[in-house]
Every structure is written in C-alpha cells, then in structure tokens.
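A quick write-up on the structure given underneath.
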Amino acid sequence: MCVLGLGLIGGSLMRAAAAAGREVFGYNRSVEGVQAARFDGFDASEHVDEVLGRAAETSALIVLAVPVPALGLMLGHIRDTAPQCPLTDVTSVKSAVLEQVRSFGLLDRFVGGHPMAGTAHSGWAAGDAALFVGAPWVISVDDHVDPDVWAQVMTLALDCHAVVVPARSDEHDAAAAGISHLPHLLAEALAVTAGEVPLAFALAAGSFRDGTRVAATAPDLVRAMCEANSAQLVPALDRTIELLTAARHTLARHGSVAELVESGHAARMRYDSFSRPEIITTVIGAENWRDELAAAGRAGGVVRSALPTRDSRRRSRRRRR
Ligand code: NAD
C-alpha cells in the first residue's frame, strides 16, 4: 500500500496499516515529515515519482491523503507513473474529488473513501494508529466503481478497525455538509461571537469548549473542505439560518426559543438511539451490488467484517464440490 501525504490522516493510516501487518510505504512533501516517519521506523520518501514507480511495480493500493488543493498535482503524477494502480482517497468531500479523478482519466481504478475520524492537529506527529478504531469509514458506491478495488478499500478500512459505511458520493456530501462542514462554520461563528464579548473567555467552560473545538483546526483545511462542498453546504447553511432567524424572532417577540430547542433536542435523541445494523448479505460484484449497498448505508447499515466478493464465492463453491 502506498500513502501520498503523511499528515494526520495519512500518517495514522500508515501506522494502522503497518500494525495490521500490511506492507506500506509513502510520500511526504516535507523532508521533516519524511525524517520523522523514518525515525519512527516507517518507509517514507520525499520523491513522489520514485514512490509511485514502486507502487506501479507492486500494483499497490494508492491512498491520496493530501488536502483538496494538492489533489491535482498528485493525480498528475499518478496518471504519468502509476495509472493502473487501484486508487482511493480520504478526502472530506467526495463529488469534487470524483470529478477531478475523472478529469485525469483515472476513474476506472478509483473508489472514493472518507474515514470519519480526526483531531484538530496536523502533520506526522499528530498521527495515531488507533485513530480509526470504531470510526465510520465511507466508501463510495458510485455507478462506476470496480468490485475488486472496492473490496481492497473495504479490507483496508477493516484492517484499521473502522466500520464501513457504503454511500454514493453526492449523498455523502449532503450528509457531510450537515454533520461536519456546517459544524465547522458554526464553531467559527461561536468563537467569533464569544470573542467579541468582554469576560466571555474568562468564563468559558464545557459548552464553549465543545461547541468551538473544531475551530482550532488549521484554517486552510477547513476552507478546503467547506469550499469544495459548497453545492451541499449552502443549502445546509440556509436551513440553519432559517431556524436561527425563526428562533430570534420568537425570542425577541415572545421571549421563547421553545420551538428550536424542542425540535433540536428531539433530533439529538433520535441520533442517540440510532441503530447501526450490520450489512452481511451483499456479495460485492453481484448484480445490483452498488445499489444494494447504497440503500443499506442510507438505512444506517455498516460493514463490520469483510463481505464476500463474487470471485471468493465461486472459489469456496468449487472447494466444496
Ligand atoms: P495534514 O495537514 O495533517 O496532512 C496533509 C498532508 O498533505 C501533509 O503530509 C502535507 O505535507 C501534504 N501536502 C499538503 N499540501 C501538499 C502539496 N501541495 N503537495 C504535496 N503534499 C502536500 O492534513 P490531514 O488532516 O491529514 O488531511 C489530509 C486529508 O484528510 C484532507 O483531504 C482532509 O480532507 C482529510 N481528512 C481530514 C480529517 C481531519 O480531521 N483532519 C478527517 C478525515 C479526512
């Protein structure tokens, strides 16, 4: 496996994959990051074409773990050096990445991914082999995806002890706008608002800390995520502004925020009791497998242990005969 970008996510992935017994090597732009990874005993290099040449020779699964603005550069190198390798990514937006991969002619071997795990820190030193344990890892089931590559990405996610959520890229982006990108913008707005009130930081405790935690993320990363998902984030922001405007109105006119507080509390209770049934019946590569997985993911289903592929089914039938 070949990881491009050994920051928080790529570095965690390298550690988790190695801990699962996989052979893993990677590229990092900064020499400091490479040296730090090597010092910790990992196989890293700052020479992207050399790393990709090795990926091509070994048919390694390539994982793009760089921020959105760097994707084009990496995809250009992959197209030139390792176009036949299976390819995935960890980017927080999926439709924009899909379009970029398509524009580089690499769609056939690409299956998008997004591990829903992270911290507000960056770089190799922030990585942690246990980052993905129990985390949902979205793997895209768009119409083009190849069953063999999908199974490889599923195995990687399960090796990192994540649970796999199959989803179409556009549905992922609408959901990610609501549960990730919108919270980032709300956290920034909360931090700004409190920062303008004298004494506020002196009194700040749990609510402020929890509500603004993600505002500590590097601004470039937040911008990259939000701006690349504007098509889905704008309607989510509109809905929030509508709710807040209505709450402001009832508070100013009638001294009540009951409607927003009660519907917000009810939604949060629904989240707390949300069940995650295991997906066990789908055979990867069988007829309608992508639609089946997308429907199961939409209903909250997750893959906790490897699903069979059409080929593995055939092999086990032959063995039984
Ligand atoms: P990071 O800053 O810790 O690491 C980014 C890596 O990309 C570094 O190795 C950096 O050297 C490299 N990089 C940056 N610009 C580059 C360029 N122009 N050319 C080559 N390499 C470049 O960031 P991260 O948190 O690991 O984020 C990486 C990806 O993971 C992003 O796409 C992000 O959307 C996604 N992601 C982040 C989180 C999170 O919580 N941070 C969670 C899930 C997914």
Side-chain angles (χ1 to χ4, degrees), residues 2-17 24-38 40 42 44-52 62-78 87-98 100-101 112-140 153 156-157 160 162 165 167 169 172-173 175-177 179-181 183-184 187 213-229 232-233:
C2 168
V3 184
L4 302 182
L6 303 177
L8 168 70
I9 301 296
S12 298
L13 195 48
M14 192 176 225
R15 290 171 173 95
V24 52
F25 56 96
Y27 154 79
N28 197 65
R29 181 179 56 164
S30 78
V31 181
E32 296 76 37
V34 168
Q35 281 168 347
R38 284 195 186 146
D40 290 340
F42 292 89
S45 160
E46 70 273 28
H47 304 293
V48 67
D49 288 325
E50 206 175 284
V51 168
L52 286 173
I62 299 174
V63 185
L64 287 160
V66 294
V68 176
L71 283 176
L73 188 69
M74 291 297 109
L75 288 167
H77 285 291
I78 295 170
L87 178 64
T88 187
D89 74 323
V90 296
T91 320
S92 322
V93 291
K94 299 272 53 83
S95 301
V97 175
L98 197 65
Q100 241 185 319
V101 171
H114 179 202
M116 309 290 299
T119 69
H121 303 287
S122 306
W124 171 265
D128 175 5
L131 185 69
F132 310 108
V133 175
W137 187 315
V138 178
I139 304 183
S140 63
V153 182
L156 170 63
C160 295
V165 179
S169 289
H172 162 278
D173 287 353
I179 56 94
S180 173
H181 307 151
H184 270 283
R213 182 182 61 81
V214 292
T217 309
D220 286 355
L221 277 180
V222 178
R223 284 192 54 194
M225 284 190 289
C226 294
E227 293 169 6
N229 196 22
Q232 300 289 354
L233 184 52

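Predicted, not measured: the structure shown is a model, and the values here were computed from it. Both counts, for ligands and for their atoms, begin at 1 and track the order of listing.
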- Message: Rounded to the nearest 0.5 Å, what separates atom CD in Gln100 from atom OG1 in Thr91?
- Response: 9.0 Å

- Query: Which protein non-hydrogen atom lies closest to atom 44 (C) of ligand 1, naming both residue and atom, and how far is it?
  - Reply: Val90 O, 3.1 Å

- Item | Flag, side chain of Thr88 to backbone of Val63, donor-acceptor distance under 3.5 Å | no

- Structural part of Met116 in contact with ligand 1, heavy atom criterion under 4.0 angstrom: neither

- Does the Asn229 side chain pair with the main chain of Asp173, one donor and one acceptor, at a distance under 3.5 Å? yes

- For the residue pair Phe132 and Trp137, categorise the inter-ring angle as parallel (less than 30°), tilted (30 to 60°) or perpendicular (more than 60°). tilted

- Task: Taking all heavy atoms of Thr119 and all of Leu8, pick out the closest pair and write down the distance.
- Result: N-CD2, 3.5 Å

- From Ala117, Ala126, Gly118, Ala135 - option closest to atom 42 (C) of ligand 1 by heavy atom: Ala117

- 4.0 Å heavy-atom contact, Trp124 with ligand 1: no

- Message: Quick check on contacts: which atoms of ligand 1 are under 4.0 angstrom from a heavy atom of Gly5?
- Response: 9 (O)

- Task: Among all protein heavy atoms, pick out the one at the shortest distance from atom 17 (C) of ligand 1; state its residue, atom name and that distance to 0.1 Å.
- Result: Ala70 CB, 3.3 Å

- For atom 4 (O) of ligand 1, what is the nearest protein heavy atom, given as residue, atom name and distance? Gly7 CA, 3.2 Å

- Query: Could you give the distance from CG (Leu6) to CZ (Arg15), rounded to the nearest 0.5 Å?
  - Reply: 9.0 Å

- Item | Side chain, backbone, both or neither: the part of Pro69 lying under 4.0 Å from ligand 1 by heavy atom | neither

- Query: Hey, is ligand 1 close enough to Ser92 that some N/O pair sits below 3.5 Å?
  - Reply: yes

- Task: Kindly give the heavy-atom pair with the smallest separation between Ser140 and Ser169, and that separation in Å.
- Result: CB-OG, 3.8 Å

- Note on the structure: Correct closest heavy-atom pair for Ala16 and Cys160 would be CB-SG, 3.7 Å

- Item | Distance in Å, Gln232 CD paired with Cys226 SG, rounded so as to fall on 0.5 Å steps | 13.0 Å

- Query: Does Leu8 reach ligand 1 with a nitrogen or oxygen that is under 3.5 Å from one of the ligand's nitrogen or oxygen atoms?
  - Reply: yes

- Query: Any non-hydrogen atom of Asp89 lying under 4.0 Å from ligand 1?
  - Reply: no

- Query: N/O of Gly123 under 3.5 Å from N/O of ligand 1, yes or no?
  - Reply: yes

- At what distance is the nearest protein heavy atom to atom 13 (N) of ligand 1, and which residue and atom is it? Pro67 CD, 3.9 Å

- Please state which part of Phe132 comes within less than 4.0 Å of ligand 1, counting heavy atoms only: side chain, backbone, both or neither. neither

- Can you measure from OG1 (Thr217) to CE (Met225) and round to the nearest 0.5 angstrom? 6.0 Å

- Query: Can you tell if the side chain of Val24 reaches within under 4.5 Å of the side chain of Leu13, non-hydrogen atoms only?
  - Reply: no

- Residue, atom name and distance, where the atom is the protein heavy atom closest to atom 2 (O) of ligand 1: Ser122 CB, 3.6 Å

- Query: Nearest non-hydrogen atom to atom 26 (O) of ligand 1 belongs to which of Val3, Val93, Ile9?
  - Reply: Ile9

- Per-atom filter on ligand 1: closer than 4.0 angstrom to a heavy atom of His114 are 43 (C), 44 (C)

- Item | ligand 1 atoms in contact with Tyr27 (distance to a heavy atom under 4.0 Å) | 20 (C)

- So between Val68, Val214, Val63, Leu221, whose heavy atom ends up nearest atom 27 (O) of ligand 1? Leu221

- Donor-acceptor under 3.5 Å (Asp89 side chain, Gly113 main chain): yes

- Just heavy atoms, cut-off under 4.0 Å: does Pro115 contact ligand 1 by side chain, backbone, both, or neither? backbone

- At what distance is the nearest protein heavy atom to atom 10 (C) of ligand 1, and which residue and atom is it? Asn28 OD1, 4.2 Å

- Item | Atoms of ligand 1 close to Met74 [distance to a heavy atom under 4.0 angstrom, numbered from 1] | 20 (C)

- Task: For atom 20 (C) of ligand 1, state which one of His121, Met225, Arg29 supplies the nearest heavy atom.
- Result: Arg29

- Query: CZ of Arg38: more than 12 outside heavy atoms within 6.0 angstrom?
  - Reply: yes

- Just need the protein heavy atom nearest to atom 28 (C) of ligand 1, so name the residue and atom and give the distance. Ala65 O, 3.4 Å

- Could you check atom 32 (O) of ligand 1 against the protein and tell me its nearest heavy-atom contact, residue, atom and distance included? Val66 O, 3.1 Å

- Query: Can you list the steps and then say if His114 with Ser92 is a side chain to side chain contact (heavy atoms under 4.5 Å, CB included)?
  - Reply: CA-CA 6 Å; His114 179 202; Ser92 322; 3.8 Å; yes

- Query: Quick one: does Val222's side chain get under 4.5 Å of Val214's, heavy atoms only?
  - Reply: no

